[in-house]
Amino acid sequence: MSELKQDSIQSDQVWMQRAIALARLGQYSTKPNPNVGCVIIKEGQLVGEGFHPKAGQPHAEVFAMRQAGEQAKGATAYVTLEPCAHYGRTPPCAKGLVAAGVTKVIVACPDPNPLVAGKGVQILKDAGIDVEVGICQAEAHQLNQGFLKAMASGMPYVRLKVASSLDGRTAMASGESKWITGTEARQDVQHWRAISGVVITGIETVLADDCQLNVRQLKGVDDISTIVQPKRLVLDRQGRLALNAKILQQPETVMVMGPFRQELADLGVLQFEVQPLKDLLQTLSTQHQIYDVLVEAGATLSTAFLQQQLVDEMISYVAPTFLGQTARAMFNAEFDRMAEQLRFKLIDLTQLGEDVRLRLIPSQETV
Ligand SMILES: NC(=O)c1ccc[n+]([C@@H]2O[C@H](COP(=O)([O-])OP(=O)(O)OC[C@H]3O[C@@H](n4cnc5c(N)ncnc54)[C@H](OP(=O)(O)O)[C@@H]3O)[C@@H](O)[C@H]2O)c1
């Protein structure tokens, strides 16, 4: 490869990294819309930049084009996700870029949304704009794991959070579980909740902990009211959720799967009939635009998600402590043979205070 070509790829990556950093500014507020960032570069200088802040507000490209104005003519636009091709709450960005006069568009991730899927790129190419797709694609994909999976498959991206001791225990036999991990790990959980459309839990966790599962504090966010809170979904097949449970203090953001209860409907709680977990996930994605799911439950429900192979990623916090064999295990399936084990692949390992966080994805390898 020539040195000139190498230099240009490197500078493309630098500008795309900036667009990715901008996209991340919307990570807690854009859902159900994706996080998108855009920069416009003319003769090596940044002339416009923007990100999508919230559903209903302009897309990243619009902010960048407004800032660039006349300087967009002959410039290169870097966008983290393929520009949209459809009239939604805002007009199509691909047409906007054509009208602005950019001569080159570099896209990190194609958009599998059937309303876009290649059509954004086609509009640009038809107008004679030079288009490149795939610069920093893996990193840009991380920004919108749920959105991209849901658009391609109709299923949300499911993260399972577990906090355990060194001996893999998640609560004492009595149900007492406060606190196994330290403040930094618990603070980190707030981030995963905040990027999720819903936090799913089992009724036994609500009965034991009277938890709320909302976002109360986020690193780098001064005003928590600026974020879009995740819904909280309690799986309660026998209708045992008490009306004075703390989680019902904000009933409009609570969902319950269980037998229909008029008193919950009166509070404004959205109810789902009892159904298999896979169907429930599909309903959340296709009918409620919930693309990122965080499961924060005890061993019973966590095991059900794992055994039904519905977990895309496990976020496992491990505290340097032993809770002993009468404490509850994190996984309660019974296996007899090594061949039955559920194996994961480590994708990230981070120390948080005294604890460690492992991010794991199901391993494709057979043992
Ligand atoms: N360390 C951690 O990360 C962590 C996180 C959360 C909770 N916990 C602890 O875990 C303990 C509770 O654990 P748990 O295992 O008893 O409760 P759980 O997993 O939170 O809830 C289990 C209940 O969920 C209901 N459920 C609904 N649909 C289900 C499905 N498809 N599959 C399985 N269950 C379904 C079942 O009750 P019905 O049959 O009545 O519907 C089941 O008994 C608490 O002590 C809590 O503090 C620890």
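Whatever order the structure lists them in is the order used to number ligands and atoms, beginning at 1.
Contact annotation for Leu277 and ligand 1: only side-chain heavy atoms (C-beta onward) come within less than 4.0 Å of the ligand. Within the 4.0 Å heavy-atom criterion, both parts of Ala163, backbone and side chain, lie near ligand 1.
Set against the non-hydrogen atoms of Asp209, the atoms of ligand 1 under 4.0 Å away are 46 (C), 47 (O). Shown in contact with Ala171 at under 4.0 Å from a heavy atom are these atoms of ligand 1, numbered in order with element: 45 (O). With ligand atoms numbered from 1 in the order given, ligand 1 contributes 1 (N), 48 (C) to contacts under 4.0 Å with heavy atoms of Thr170. Within the listing of ligand 1, atoms 13 (O), 15 (O) sit less than 4.0 angstrom from a heavy atom of Ala299. Set against the non-hydrogen atoms of Asp236, the atoms of ligand 1 under 4.0 Å away are 41 (O). Of all atoms in ligand 1, listed by their number and element, those nearer than 4.0 Å to a heavy atom of Val162 are 3 (O). Of all the atoms in ligand 1, the ones that sit under 4.0 Å from a non-hydrogen atom of Ala208 are 44 (C), 45 (O). Taking every non-hydrogen atom of Ser177 and a distance limit under 4.0 Å, the qualifying atoms of ligand 1 come out as 47 (O).
Ring geometry, Trp15 versus Tyr78: the interplanar angle falls from 30° to 60°, so the pair is classed tilted.
In this structure, atom 7 (C) of ligand 1 lies nearest to the protein heavy atom Thr205 OG1, 3.2 Å. Scanning all protein heavy atoms for the shortest distance to atom 19 (O) of ligand 1 gives Leu301 N, 2.9 Å. Closest protein heavy atom to atom 36 (C) of ligand 1: Arg237 NH2, 3.6 Å. Annotation: atom 25 (C) of ligand 1 to nearest protein heavy atom, Leu235 O, 3.6 Å. Ranking protein heavy atoms by distance to atom 45 (O) of ligand 1, first place goes to Gly175 O, 2.7 Å. The single protein non-hydrogen atom nearest to atom 6 (C) of ligand 1 is Ala297 O, 3.1 Å, given as residue, atom name and distance. In this structure, the protein non-hydrogen atom closest to atom 17 (O) of ligand 1 is Glu204 CB, 3.0 Å. From the protein, the heavy atom lying nearest to atom 14 (P) of ligand 1 is Thr300 OG1, 3.6 Å.
The backbone N or O of Gly118 lies less than 3.5 Å from a partner atom in the side chain of Glu82, making a donor-acceptor pair. Judged by distance alone, with hydrogens and angles left aside, the side-chain atoms of Asp210 form a donor-acceptor pair with the main-chain N or O of Lys246 at under 3.5 Å.
Annotation for Lys219: atom NZ does not count as buried by contact number, only 12 or fewer foreign heavy atoms lying within 6.0 Å.
Listed here is the closest heavy atom pair of Arg237 and Pro259: O-CD, 3.3 Å. Nearest approach of Leu124 to Pro83, heavy atoms of both residues: CD1-CG, 4.2 Å.
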Next on the checklist: side-chain contact (heavy atoms from CB on, under 4.5 Å) for Met255 and Phe272? Distances and angles first, verdict last.
Outcome noted: CA-CA 8 Å; Met255 308 194 289; Phe272 296 102; 3.8 Å; yes

Item to check | Derivation of the side-chain contact (heavy atoms from CB on, under 4.5 Å) call for Asp111 and Phe147 | outcome: CA-CA 9 Å; Asp111 186 348; Phe147 176 85; 3.6 Å; yes

Item to check | side-chain contact (heavy atoms from CB on, under 4.5 Å) assessment of Arg193 paired with Glu296 | outcome: CA-CA 9 Å; Arg193 282 185 191 167; Glu296 281 195 62; 2.7 Å; yes

Item to check | ring-ring contact (aromatic ring centres under 6.0 Å, His included) between His52 and Phe63, worked out | outcome: CA-CA 8 Å; His52 181 46; Phe63 286 109; 8.2 Å; no

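With a 6.0 Å cutoff to the six-membered ring centre and a 45° limit on the axis angle, Arg186 counts as a cation-pi contact of Trp179.
Nearest residue to atom 37 (O) of ligand 1 from Glu296, Arg328, Glu176, Arg240 is Arg240 (criterion: closest heavy atom).
Within the structure, ligand 1 has Lys161 among the residues with a heavy atom less than 4.0 angstrom away.
Looking at Asn35 and Thr80, their side chains never come closer than 4.5 Å, going by heavy atoms from C-beta outward.
Between Thr201 and ligand 1, no N or O atom pair is found at a separation short of 3.5 Å.
Asp292 has no carboxylate O lying under 4.0 Å from a charged side-chain N of Lys149, or vice versa, which leaves the two without a salt bridge.
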